[in-house]
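Order of appearance sets the numbers: ligands from 1, and atoms from 1 within every ligand.
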Amino acid sequence: MGIVFPFQNYMEPRGTKKGAGKLEAAEPRNKLPRPAPSLPTDPALYSGPFPFYRRPSELGCFSLDAQRQYHGDARALRYYSPPPTNGPGPNFDLRDGYPDRYQPRDEEIREGLDHLLRWLLEHRGQLERDPGWLAGAIVTWRGHLTKLLTTPYERQEGWQLAASRFQGTLYLSEIETPAARAQRLARPPLLRELMYMGYKFEQYMCADKPTGSPDPSGEVNTNVAFCSVLRSRLGNHPLLFSGEVDCTDPQAPSTQPPACYVELKTSKEMHSPGQWRSFYRHKLLKWWAQSFLPGVPNVVTGFRNPEGFICSLKTFPTMEMFENVRNDRDGWNPSVCMNFCAAFLSFAQSTVVQDDPRLVHLFSWEPSGPVTVSVHRDAPYAFLPTWYVEAMSRDLPSPPKTPSPQD
Ligand code: GDP
Ligand code: MG
């Protein structure tokens, strides 16, 4: 069976086609009220073969410092530095430093795509080797694509994605749902501490220099981030997205990003086969989606005991994660994730027809329902900043002149 396109009604009527208006006048049938477009998310609809996904390549990177200031370089990149394997095994106290050495990022500040847009503005000249590539691309955060990949299996949290077309490019930026905001503001103290523990694990596993060792005595500041900017393509959708990368492994078989990158995670120690099964079904799905998209090959997991200590480590190769649920009737399927994402991107591309940075199509989804769309202009949903729109509307700065063979 081939790929099912349950949204094909919406592929055809692009109101921009020449003569479409005339056709409607001649064909009263087209005047019948059309149901509001929506996209179903049931896994069964997306179980075709795995779609084309271009091997992600890194276009560049940027860093955010302790004050959340942007730098167009890799200064925030850290180096994978696990404890020696012959030694006694890890004994990381993840609660150490909480809350006195914790500087959490201000989650009230809505950054949208701003940092990624700054990178794009400063590097658009370099993309023009392939003229017109950007105009056909989708620009977003990796984390937004992760949410799309896991949507067919998600039973808890909905999402909202704002979409605007500008100079051909489709930009997608998440809007925090009212439920997510309420949950964040009411986050229980134990959950706050658990979030800290995830960052603390990174500090135990990473050094600031390729040959250095971790220094867990310092502060944990979650303003700091290293972000890789990647190019890929899903089906016929060219993608430019950025994702935060935990560290690079100086000993990795390939020193070429993203193959040298490592994602770090913590999880509760498991004791029963039932706990492992549930871990494979739920956590590995999210981990797979997040790391598969940018081509990060390994997820190194620290298992914590009830006292908050990491006592064992395990590496999960991204490309082997699916094997743990391949024969599980209640498992997840990478094809479903990728086919749904491709279907959503087609749905978004055919819905957002007008090129206007102030116009927003808001795609909303709640578990068990379809993706629906509403249309808005300007505040509060418009997310492409004036500085970006104005700079992109001016001419490209001319590249530094280098003598060419013909000169
Ligand atoms: P992830 O895959 O969900 O971790 O997100 P990305 O890697 O796509 O990160 C995109 C940008 O969002 C980066 O600048 C991150 O520092 C930032 N970011 C990641 N997670 C969060 C979050 O939970 N809240 C906020 N406000 N920003 C986040
Ligand atoms: Mg991580």
Side-chain angles (χ1 to χ4, degrees), residues 56 58 61-72 76-78 80 94 103-120 138-150 154 157 159 161 171-177 180-181 183-185 187 191-192 194-206 220-230 232 239-249 258 261-267 283-296 298-302 304 310 313 315-316 318 341 383:
E58 185 175 76
C61 65
F62 58 87
S63 295
L64 304 174
D65 67 19
Q67 287 75 43
R68 201 72 178 170
Q69 294 305 302
Y70 175 101
H71 302 273
L77 177 58
R78 291 179 297 176
Y80 183 61
L94 298 185
Q103 302 280 142
R105 172 186 57 223
D106 181 353
E107 291 178 282
E108 277 297 298
I109 300 175
R110 311 257 51 96
E111 298 177 328
L113 300 183
D114 292 7
H115 300 304
L116 172 55
L117 297 180
R118 174 154 177 198
W119 182 91
L120 196 46
I138 293 169
V139 171
T140 191
W141 288 113
R142 178 270 309 274
H144 303 354
L145 295 173
T146 304
K147 287 198 178 178
L148 290 171
L149 259 63
T150 58
E154 178 63 42
E157 281 163 17
W159 49 254
L161 277 176
Y171 295 85
L172 299 175
S173 182
E174 188 176 23
I175 306 287
E176 188 178 40
T177 63
R181 175 174 169 78
Q183 272 200 27
R184 171 168 64 78
L185 295 176
R187 194 177 285 148
L191 200 55
R192 292 171 194 264
L194 219 50
M195 288 176 64
Y196 170 80
M197 291 163 72
Y199 293 112
K200 187 68 188 176
F201 177 59
E202 297 176 9
Q203 197 185 50
Y204 279 112
M205 296 288 288
C206 297
V220 170
N221 185 324
T222 59
N223 288 296
V224 180
F226 168 79
C227 293
S228 172
V229 181
L230 300 127
S232 183
L239 301 173
L240 188 155
F241 59 93
S242 175
E244 190 175 345
V245 169
D246 290 335
C247 57
T248 185
D249 181 1
Y261 291 153
V262 180
E263 171 67 30
L264 300 170
K265 295 288 189 197
T266 67
S267 199
K283 270 210 166 160
L284 271 198
L285 163 61
K286 303 225 166 160
W287 294 3
W288 171 80
Q290 185 190 36
S291 288
F292 177 76
L293 282 163
V296 172
N298 289 296
V299 177
V300 175
T301 306
R304 58 180 150 72
I310 295 293
L313 301 173
T315 298
F316 293 92
T318 305
C341 186
F383 60 89

To which protein heavy atom is [atom] closest, and what is the distance rounded to 0.1 Å?
{"atom": "atom 2 (O) of ligand 1", "answer": "R142 NE, 2.7 Å"}
{"atom": "atom 5 (O) of ligand 1", "answer": "G143 CA, 3.9 Å"}
{"atom": "atom 10 (C) of ligand 1", "answer": "W141 CE3, 3.1 Å"}

Is any NZ, NE, NH1 or NH2 atom of the basic residue among [X] and [Y] found under 4.0 Å from an Asp or Glu carboxylate oxygen of the other?
{"X": "E111", "Y": "R105", "answer": "no"}
{"X": "E107", "Y": "R184", "answer": "no"}
{"X": "R110", "Y": "E174", "answer": "no"}

(request) Record the part of R68 in heavy-atom contact with ligand 1 below 4.0 Å; permitted values are side chain, backbone, both and neither. (result)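 For R68, only side-chain atoms sit under 4.0 Å from ligand 1.
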(request) Check Q290 against ligand 1 and report side chain, backbone, both or neither, counting heavy atoms closer than 4.0 Å. (result)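 The side chain, only.
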(message) Run the side-chain contact (heavy atoms from CB on, under 4.5 Å) test against K286 and tell me which residues pass, sequence neighbours left out.
(response)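 Result, side-chain contact (heavy atoms from CB on, under 4.5 Å) vs K286: E154.
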Which ligand 1 atoms, with their elements, are less than 4.0 angstrom from a heavy-atom of [X]?
{"X": "G243", "value": "7 (O)"}
{"X": "E244", "value": "6 (P), 7 (O), 15 (C), 16 (O)"}
{"X": "S242", "value": "8 (O)"}

(request) Check R142 against F241 and note the closest heavy-atom contact, atom names and distance. (result)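 Shortest heavy-atom separation between R142 and F241 comes out as CB-CD1, 3.7 Å.
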(request) Please report the closest heavy-atom contact between P104 and T222, naming both atoms and the distance. (result)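 Minimum heavy-atom contact is CA-OG1, 3.3 Å.
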(request) Keeping waters out of it, list the protein N, O or S atoms under 2.8 Å from the Mg ion (ligand 2). (result)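 N, O, S partners closer than 2.8 Å: D246 OD2, E263 OE2, L264 O.
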(request) Check the pair C247, M205 against side chain to side chain contact (heavy atoms under 4.5 Å, CB included), reporting the backbone distance first and the verdict last. (result) CA-CA 9 Å; C247 57; M205 296 288 288; over 6 Å; no
(request) Working to the nearest 0.5 Å, report the span between CG of L77 and CZ of F62. (result)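 One gets 13.0 Å once the value is rounded to the nearest 0.5 Å.
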(message) Working to the nearest 0.5 angstrom, can you tell me the gap between T177 OG1 and E157 CD?
(response)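 Reported value, rounded in 0.5 Å steps: 7.5 Å.
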(message) What I want to know is whether E107 and ligand 1 share at least one N or O pair that is separated by under 3.5 angstrom.
(response)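 It does not: no N or O of E107 is found under 3.5 Å from an N or O of ligand 1.
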(request) If the plane angle is over 60° it's perpendicular, under 30° parallel, otherwise tilted; pick one for H115 and Y70. (result)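 Geometry flag for Y70 against H115: parallel rings.
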(request) Could you tell me whether atom 24 (N) of ligand 1 has at least one protein heavy atom nearer than 4.0 Å? (result)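 Under the 4.0 Å cut-off, atom 24 (N) of ligand 1 does have protein heavy-atom neighbours.
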(message) For A66, is there any backbone N or O sitting under 3.5 Å from a side-chain donor or acceptor partner on N223?
(response)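 Side chain of N223 to backbone of A66: a pair is present.
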(message) Heavy atom to atom 18 (N) of ligand 1, shortest distance: which of R105, E108, E111, H115 holds it?
(response)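 The option holding the nearest heavy atom is R105.
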